[in-house]
Amino acid sequence: MPRYYVTTPIYYVNDAPHIGHAYTTLIGDALARWHRLLGDDTFFLTGTDEHGLKIQRTADANGITPLEQADRTSERFREAWKLLDISNDDFIRTTEPRHHLAVQTLLQKAYDNGYVYRGTYEGLYCVACEGYYNESDLVDGRCPIHKTPVETLVEENYFFRLSAFADRLLAWFEADPDCIQPDGKRNEAAGIVRQGLEDVSISRTSISWGVPVPWDPGHVFYVWYDALINYATAVGYGSDPERFAEWWPETTHLLAKDILRFHCVYWPAMLMAAGIENLPKLRVHGFLLVGGEKMSKTRLNQIAPSDLVEDFGVDGYRYHFLRDNSFGPDGDFSYEGMIVRYNSDLANNLGNLLQRVSTVVAKKCAGIGPAPRMDSPLAGVVAAAYNDAAAAWANTQPSVALEATWRIIRETNDYLQTNEPWKMEPGPECDAVMGDALEVLRVVTILASPAMPGACDVIWRRIGLSGSPRDERLPAAAAWGGYPGGLVIEAGDPLFPRRKA
RNA sequence: GGCGACGUAGCUCAGCAGGUGAGAGCGCUCGACUCAUAAUCGAGAGGUCGACAGUUCGAUUCUGUCCGUCGCUACCA
């Protein structure tokens, strides 16, 4: 059975979950659900990143331990994902023992292989910040936050020999264009490498909230080098070599463009340094902007998923973010735009189609859904849309996949309008039209289920089918003619009530 | 400064390995229908495909320059 391992970044617990975090997680969830429909053995991972100076400081400020601080925020992410119907198979936290073991194992390997060495880091240090600054960050030679003079400090660090991997990284980019997508993001990664790579400091002695360096316990690993390894941890690195060997070659990482450098350059190099041959596929998307501006704490324009779920429902929320933004470029979110799309795609097209079909079946077919005809003109529409949708999911383009799926819905509304079954006498001709419409609903429900699992379960049930679309297997289930007929159609309230602007 | 991306209907975008009259969705106008969530269907208006120059029989599609937006990256007296 094919395997599919997809990850989101692990989110740093210094920030509460917002629609940007949720966007990546949602893409991962939809992809995982699509692959489950394909029958792939699927593993979907998300989690939280919990080490580092910022967490330690926040904890100090709140008068609690770093772990307590991490517990609190990590829990908020788990709650958010539960709210959004996220079907992750695991939730990893970097504070877990399994992860410490993996980090120490992987970096020990890199050390043993000669890619980690002891050196001195010299930097401009602000005592109040307990942190280093680049010269360019300083304001008049002083700390930008405290306005106090910085001092030059020298710290013993371990360095990762990143500079040794430039050629191999470039060769990888070139040999396998699919390694990083979209193309533009791969070019960006290549650009970073071509600029010249310097070795990077990967340990700290000034803080203790992290994973200890195994060969020198006075150091902890710098948070980034600890965090990336989570992807390996979760499939058994360091603890279950057999499991790791099975899953690792099928890895796809989803990430936003701000962490491209770490994922597309540092991380593959670290894997090479540790002697791990298979490199992950990387899928990089842009930001969700709000009113054209980046979301940030200081602008106070962060939007929590729960605010929108309240107004649009989980499935309305999920559909919107999967459909409205193409994967790759930045996208602009607006509440008004969300209403427009919800009303158009969900209320007017899908919801209304279900409603009119169930009403006509009640009036003209005694409430019993007829079987479709095999030579329906809609069969070709469905087949073409399925091919497009499948290709789009394979290319990490949920918006394109859903657009293709919705073409079926539009064609079917058109089909009903043309045939006017509500004007027909009950009988074979009317049954044929309504059977076709029900068959469309069956297929659409399967194809849309990665985006809207809850709503699709409801539609599935209303058209008389048992079980759930998630139990279906593609591509067989998308073949025309699967609706058996003779099922009781349930009329219900509108599934997606229109929203007022 | 270097590298790169982008600039196509009111909005969001697709498309073009160069070739008859440029596309989708939404919005708008008109009409049809009334099974349906004031939903649906049809017709239509609306674009010098950023500007200029070049290559070509022919460019929105290729090349160059410029303007504008943005990203990555470097540096500065």
Side-chain angles (χ1 to χ4, degrees), chain A residues 134-136 170 173 180 182-198 256-262 264-265 284-289 291-294 313 316 319-320 323-334 336-365 367 385 388 392 395 397 399-400 402-407 409-426 430 433-434 437-438 441 455 462 489 491-501:
Chain A
N134 294 325
E135 211 154 332
S136 56
L170 289 173
F173 297 156
I180 301 172
D183 290 333
K185 304 297 193 221
R186 189 180 64 257
N187 290 339
E188 208 167 292
I192 290 170
V193 175
R194 284 199 204 94
Q195 295 277 345
L197 298 176
E198 290 185 9
K257 64 183 186 180
D258 56 330
I259 50 179
L260 182 151
R261 164 186 290 272
F262 292 97
C264 299
V265 179
V284 188
H285 65 78
F287 291 139
L288 278 181
L289 307 175
E293 294 206 324
K294 192 182 168 189
Y319 178 80
H320 183 266
R323 171 65 186 85
D324 206 53
N325 302 104
S326 56
F327 188 94
D330 289 351
D332 202 7
F333 171 83
S334 78
E336 294 71 21
M338 189 166 179
I339 288 178
V340 167
R341 188 170 285 290
Y342 173 95
N343 281 341
S344 163
D345 290 7
L346 298 184
N348 298 353
N349 286 341
L350 177 57
N352 186 53
L353 175 63
L354 174 67
Q355 209 66 9
R356 63 200 305 213
V357 166
S358 46
T359 303
V360 176
V361 168
K363 290 184 179 174
K364 300 289 183 181
C365 310
D388 290 351
N395 290 324
Q397 297 181 301
S399 65
V400 177
L402 292 171
E403 187 184 27
T405 303
W406 255 250
R407 283 207 308 267
I409 297 170
R410 287 199 200 90
E411 289 290 340
T412 305
N413 273 319
D414 191 357
Y415 178 73
L416 289 179
Q417 194 73 28
T418 305
N419 287 284
E420 302 187 306
W422 46 88
K423 287 183 175 171
M424 294 175 176
E425 289 302 315
C430 183
V433 173
M434 297 320 294
L438 285 162
L441 283 170
R462 284 198 189 173
I489 304 304
D493 291 335
L495 201 51
F496 303 104
R498 280 181 66 86
R499 303 291 168 197
K500 294 245 168 70

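Sequence lines set the chain letters: A, B, ... in the order given, protein chains first and strands last, and positions in each chain run from 1.
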Point to revise | Phosphate contact (B:rU37 OP1 or OP2) by A:R499 side-chain N/O below 4.0 Å | key: no
Check your understanding: If only side-chain N and O atoms of A:K185 are considered, is one of them under 4.0 Å from the OP1 or OP2 phosphate oxygen of B:rC72?
Key -> no
Point to revise | Pairing pattern in dot-bracket form [Watson-Crick, G-U; both distances under 3.5 Å; | = partner strand] for RNA chain B | key: (((((((..((((.....[...)))).(((((.......))))).....(((((..]....))))))))))))....
Rounding to a whole Å, what distance do you find between [X]:[atom1] and [N]:[atom2]?
| X | N | atom1 | atom2 | value |
| --- | --- | --- | --- | --- |
| A:N325 | B:rA14 | CG | C1' | 16 Å |
| A:L346 | B:rC26 | CG | P | 13 Å |
| A:E188 | B:rC72 | CD | C1' | 5 Å |
| A:H285 | B:rG71 | NE2 | P | 17 Å |
| A:R261 | B:rG71 | CZ | P | 16 Å |
| A:R323 | B:rG25 | CZ | C1' | 7 Å |
| A:L353 | B:rA36 | CG | P | 14 Å |
| A:Y342 | B:rU37 | OH | P | 14 Å |

Practice item. Tell me which of A:R341 and A:P497 sits closer to the 5' end of RNA chain B, going by the nucleotide each one is nearest to. Key: A:R341
Revision key, fill the gap. Assert: residue with more 5' nearest nucleotide on RNA chain B, out of A:E403 and A:K423, is A:E403
Exercise for review: Show your reasoning for whether side-chain contact (heavy atoms from CB on, under 4.5 Å) applies to A:D345 and A:L350.
Suggested key: CA-CA 6 Å; A:D345 290 7; A:L350 177 57; over 6 Å; no
Distances under 3.5 Å only, N/O to N/O: pair up the protein atoms with those of nucleotides 38-41 of chain B.
residue: B:rA39; atom: OP1; partner: A:R498; partner atom: NE; Å: 3.2
residue: B:rA39; atom: OP1; partner: A:R498; partner atom: NH1; Å: 3.4
residue: B:rA39; atom: OP1; partner: A:R498; partner atom: NH2; Å: 2.8
residue: B:rA39; atom: O5'; partner: A:R498; partner atom: NH1; Å: 3.3
residue: B:rA39; atom: O2'; partner: A:N348; partner atom: O; Å: 3.3
residue: B:rA39; atom: O2'; partner: A:N352; partner atom: ND2; Å: 2.7
residue: B:rU40; atom: O2'; partner: A:R356; partner atom: NH1; Å: 3.3
residue: B:rU40; atom: O2'; partner: A:Q417; partner atom: OE1; Å: 3.0
residue: B:rU40; atom: O2; partner: A:Q417; partner atom: OE1; Å: 3.3
residue: B:rU40; atom: O2; partner: A:Q417; partner atom: NE2; Å: 3.4
residue: B:rC41; atom: O3'; partner: A:D414; partner atom: OD1; Å: 3.3

Exercise for review: Identify whether any heavy atom of A:K364 sits under 4.0 Å from a base atom; if not, whether one sits that close to sugar-phosphate; answer base, sugar-phosphate or nothing.
Suggested key: nothing
Review point. What nucleic acid atoms does A:L354 come within less than 4.0 Å of, heavy atoms only: base, sugar-phosphate, or nothing?
Key: nothing
Exercise: identify the closest heavy-atom pair between [X] and [Y]:
| X | Y | value |
| --- | --- | --- |
| A:V361 | A:I489 | CG1-CG1, 3.6 Å |
| A:S399 | A:R323 | CB-O, 3.3 Å |
| A:L495 | A:R462 | CD1-NH2, 4.2 Å |
| A:A404 | A:D388 | CB-CB, 3.8 Å |

Point to revise | Options B:rG71, B:rU37, B:rC35, nucleotide nearest the side-chain atoms of A:T359 | key: B:rC35
**Study point:** Nearest to side-chain heavy atoms of A:K363, which nucleotide of B:rC33, B:rU37, B:rC35
**Key:** B:rC35
Exercise for review: Any chance you could list the contact pattern along nucleotides 2-13 of chain B? Use B for base contacts, S for sugar-phosphate-only contacts and - for none, protein heavy atoms under 4.0 Å, 5' to 3'.
Suggested key: B-----------
Practice item. Show your working on side-chain contact (heavy atoms from CB on, under 4.5 Å) between A:R356 and A:N352 and close with a plain yes or no. Key: CA-CA 6 Å; A:R356 63 200 305 213; A:N352 186 53; 4.1 Å; yes
